[in-house]
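Here's the structure, in structure tokens; my notes come after.
So that the names make sense, note that chain A is the first sequence line, chain B the second, and so on, each numbered from 1.
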Amino acid sequence: MRRIGVFVCHCGTNIASTVDVKAVAETLGKEPAVVFATDYPYMCSEAGQNIIKEAIKEHKLEGVVVCSCSPRMHEATFRKAVASAGLNPYMLEVANIREQCSWIHKDKEEGTAKAIVLGRAAIAKVQLNAPLTAGESPVVKRALVIGGGIAGIQTALDIAEAGYPVDIVEKEPTIGGKMTQIDKTFPTLDCSSCILTPKMVECSQNENITIYSYSEVEAVTGFVGNFSVKIRRKKRYVDETKCTGCGICTEKCPVKNVPSAYDLGLKNHRAIYIPFAQAIPNVAVIDADYCNKLTKGKCGICSKFCSAGAINYEQEDQIVEEKYGAIIAATGYNPISLDGYDEYAYSQSKDVVTSLEFERILKADGPTEGHLERLSDGKQPKTIVFVQCVGSRQSADAAHGGCGKEYCSKICCMYTAKHAMYCREKYPDTDVYVFYIDVRTPGKNYDEFYRRAVEQYGVHYIKGMVGKVAPQADGSLMVQASDLLSNEQLHIKADMVVLAAAIEPNKSARPLATMLTASMDTNDFFTEAHAKLRPVESPTAGVFLSGVCQGPKDIPETVSQASAAAAKALGLLAKDKLSCNPCVAHSDEMMCNGCSSCANVCPYGAITYSDKEFRGPNRTTLIRRVASVNAAVCQGCGACTVACPSGAMDLKGFSTSQIMAEVDAICK
Amino acid sequence: MADLKEQVLRTSGVNPLKCMRCGKCSATCPSYDAMEYHPHQFVYMVEKGDIETLMQSESIYKCLSCFACLERCPRNVEPAKLVEAVRLAVIRQQGQNHLKPEQIPAMLDEDLPQQAIVSAFRKYSK
């Protein structure tokens, strides 16, 4: 029997007010294996830790039980203390008598009795603890950023500036993301392109950054510090190394009816195109669905005009394989589909547009060259109605074909105020209405911005929703809405209606999360490791979150989070080796029957099977299929130990015998 | 009064606390101008327990039961069901048999579905 020491913490009055700590120490001191037991107001303090260290030496302790707060709080502290006194750090057990005892009980007698039982269980467990040593795994000093919007760009720049190589994978032909499509940014109204394009150029010029544009992540294997990623570089039919971005091909191509994704389909470009003037990389791409040469085999005009000889109709997809230490998801968002909202007549009228389409109308390189015009007849609208919360803040059981989102999209109040202000500023003869449920503008200089729209620019903010938009024969739009404060139903003859559509995570995020084994919420936003204290890390080690893929946010917030994610990733890349958690699963090969139950339940892909030779009776050799656990990938969740039908799987530090000993001690 | 609110909530199956006061029901209502109390007020009055005022109002008979409010409500509050529940509360409150079994034979008509008679009998008799 091991020599055990028990240390009971008061945690000020947190524990001591509902647990008689002296009685706990005294009772546990009488347990057969316990050679020393004491209590102290703050066991985690320097003085408290010294009590543990001295007792280990003085009483030659072989196991330590600390009765205190949750092990999530101070297990690491006490392990360090135990190790500094020469004991293996895994010969420590923490009995949680705060969160699971004193905080939830009112009766002191009951609390004390329970604390004693919890202490006994820990004593029983520590008897069976084995000394464990943490292994080490190397860190590949290269980061992968998935998504090349402002979030991905900022994260990549910060990592590159710190001196580590970083690759950006962007599925579109150019980096830049949504911010390239936006005209002005709130609350300062500076031009979006003017602040973004220098950063895009910086990305292309920084020698630590490699941009894989028009590429997608195809497979991810490995683990923190050592991910192995396959990237598919989609064929763009243009040799990226030869194309100079002169743009002659995009003028000579005879196919003129290709809807521009950059312009949300409001404008067309040729079958060979560069998304916009400041694209990075500034390289053309052929849309294979429209190109005459690729669909009919006849044409080849772009190839004839290309002086660089960059056009290659035979180009194939390429697969790049690279190793990374850290992966940062920055997959961004899209506005939701408005198919479920017939009442707003979005599909019936060209003059009912989403806010992102409105940005394109306002922007100089958009379909109207920056003039505020109706898309139906090119006339300048005199009355514009903005509708907020289209699809946001909608309960899951509401109608609208399941298009709605329960969350607030967060950015709409501000960009609508921006749009409304812009209209009044540039076209003062325009009547602008904003229908809102609540105006939500927290943030530095944000509420002031919205008030300016009302007070200085005379935008009509009306508390209420629009119920119906009906296109009229004369081309106008009849808007039926409620004004809740004056308690009347309004009928406004508008020329244009702008819908602040909810935003949702990019559709590519879900399959990516599966590849990364990173968890997501029901809305397909990536989950953080801790909502408050670890907001830029995924619970999956080595995966970090940047931008809207984690939750709705505006540009300043996205950039802050992007830099935070970079800082966290750099903390990982700066290490040469990672020490692994030694509390991992291992398989007893003699008992394993090769059924794959464990591999099927493992959420981290840590278990592999291989055929191994075993010595059989009478000098025979048997070949059996057995499981083995990659200790660097295993997170010690224990799912495999439960699934294993033959009892071959066990978890170090939480073995079946240890847990049964705890249960026995509790039931005694 | 609390009983009346309870009765309306139970017959309608509506939870007025789901309402976020956006007013889309009233924005969408085709008989808005004919009503003294508009759909969004209806929801709020039921929430406050002010059922008797609603029962005395002509508004409950102006509702067309077109269910547009119910279809377009972003929180799935279903105001039209509340209107119907208040109408039922009026009928029940008077404690009269609006429809007696002996009246039924005279009403029978071969085009009238049996189901309509049964449901009318359930609704209007005590």
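Summarising the local packing, NZ of K463(A) is surrounded by more than 12 heavy atoms from other residues, nucleotides or ligands at distances under 6.0 Å. Applying the 6.0 Å contact sphere to CD of E455(A) captures more than 12 heavy atoms from other residues, nucleotides or ligands. Crowding of Y44(B) atom OH: a count of heavy atoms from other residues, nucleotides or ligands under 6.0 Å not exceeding 12. No more than 12 heavy-atom neighbours from other residues, nucleotides or ligands sit within 6.0 angstrom of NZ on K350(A). With a 6.0 Å radius and a threshold of 12 heavy atoms from other residues, nucleotides or ligands, Q114(B) has its CD atom at or below the threshold. More than 12 heavy atoms of other shown residues, nucleotides or ligands fall within 6.0 angstrom of atom NZ in K382(A).
For C73(B), the part lying near chain A is the backbone, with the side chain staying farther off; criterion is any non-hydrogen pair under 4.5 Å. Heavy-atom distances place the side chain of Q41(B), and not its backbone, under 4.5 Å from chain A.
A distance-only check finds no donor-acceptor pair linking the side chain of S482(A) to the backbone of K24(B) [under 3.5 Å]. Under a 3.5 Å cut-off, the side chain of Q489(A) and the backbone N or O of S26(B) do form a donor-acceptor pair.
Contact detail for E71(B) and A399(A): the closest heavy-atom pair is O-CB, 3.2 Å. The shortest heavy-atom contact between R75(B) and A398(A) is N-CB, 4.5 Å. The minimum heavy-atom distance linking C29(B) with Q480(A) is given by the pair O-NE2, 3.6 Å. Here the closest non-hydrogen pair linking A27(B) and V466(A) is CB-C, 3.9 Å.
With respect to chain B, the highest number of heavy-atom pairs below 4.5 Å among Y341(A), Y344(A), Y436(A), F435(A) belongs to Y344(A).
Here the side chains of D397(A) and K18(B) are in contact, with some heavy-atom distance below 4.5 Å. Between H40(B) and N487(A), the closest side-chain pair of non-hydrogen atoms falls below 4.5 Å.
Atoms CE and CE, on M20(B) and M465(A) in that order, are 6.5 Å from each other to the nearest 0.5 Å.
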